[in-house]
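Some notes on the structure that comes next.
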Amino acid sequence: MEYRIHEFAVGDFKCVSISDGTQPIDAETLPTFFAGASAVELAGALRAHNMAPDHFDLQCSPLLIDTGDQRILIDSGGGSVFHSHLGKVIPGLAAAGYQPSDIDIIVLTHGHLDHICGGVDAEGALVFPRARQLMARGEWEYWTEETDARAMGDQFVEDVQFAQECLRAMESQVQLIEPGDEVAPGIHTIPTPGHTRDHISVTVTSGGERLLCVADTMDLPIHIEQTSWHPAWDEMPELALESRRMLLRRAVEEKALIHAFHFPFPGVGYVRADGDGWRFEPLK
Ligand SMILES: [Zn+2]
C-alpha cells in the first residue's frame, strides 16, 4: 500500500509525520472551513495560497515520536474503518521501521473520527496491542456519555455513534488524563479547548528544541494568517480561536516547530510573526 512519511528530529527525539491519506473536500464543504470569511475574502486567501476555489484534499497526518525509551503516536488517524481514502498509518509506520506492537502510547487530541479510529480495525479489534491511549477526561466523558448527537444536527448522528463505537472498542486501553498532564519525559499535553470541549495539543521538548503539535486548532495555513476564521464545526469558536492564538504566540516566542495534523503533508514548519499577525513557513 502506498505511504508517505517525513522524518525529522526534535533534539534527541526522532519524529515521523505519517500520512494516513487525504479526504476530498468539495465546493459545498470548502467554505465551511472558513466561517467568518466573506466570499470575496475567502477567494483572495485561496488564490494567495495557490488553492483551487472549489476543492482541496484535506491531509491527515498522525505524528510518531520516538524518544529512545518510548514510541508515542499523536492521534491514530481515521484508520481503515472511517474513510476509504484513509488507513495508511500502518504501512507508513512499517516504512519508518516500526510495527504496531512497538507503539507504547497514543495521545488522542480529541474525539473526532479522523483522529481516533486508527486504533481499531473493521472487526473492532485493537490495532496497537501494547498501547495506552491517553485522552482528556472531559473529552472522553463528552463523547461517551454527554454528547447529544441530535442537537448537533442530523448529519452528525451517524458520526457521533461511530465515534462512540470506536472509543468503546478501545476502552480497555484508554487512560484518562487532565489537560496539561505529562505524557512522557519531555512530552506534555496542553489544554487547547474550543474545537471540541477538551481538545488538547502536545509540546515536545528535547535538547533545547521544541515542537508544538497543534492538532485541530488550525486546519490549513490560512488559519495562521486569518485568526478569526474557523471551521463551522468548532464547538466553541471563540475559545477555539483563543487557543489557536495562544499556540501561535508560543510557537514564535519559543522558536518552536509546529506539526499540524491537517496541513499539507508533512504539516511541519515554523510560525513567523508578520505585521500584527502570523504566517506559516513550511519546513523545507
Ligand atoms: Zn481533524
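For ligands, and for the atoms within them, numbers begin at 1 and follow the listed sequence. Hydrogens, waters and symmetry mates play no part in the numbers below; they use all other heavy atoms, side chains included. What you are looking at is a predicted structure, and each value in this text was computed from that prediction instead of being measured.
Test Ile116, Leu134, Leu73, Ile74 against Leu108 for side-chain contact (heavy atoms from CB on, under 4.5 Å) and you get one pass: Ile116. With respect to His199, the ring-ring contact (aromatic ring centres under 6.0 Å, His included) criterion is satisfied by exactly one of His115, His110, His112: His110.
Side-chain atoms of Asp219 and His230 include no donor-acceptor pair closer than 3.5 Å. Side-chain contact check for Asp234 and His195: at least one donor-acceptor pair (N or O, by modelled atom type) lies under 3.5 Å.
Angle OD2 (Asp216) to the Zn ion (ligand 1) to NE2 (His262): 100°, rounded to 10°.
Within His115, the N/O/S atom positioned nearest the Zn ion (ligand 1) carries the name NE2. When you scan the N, O or S atoms of Asp114 for the one nearest the Zn ion (ligand 1), you land on OD2.
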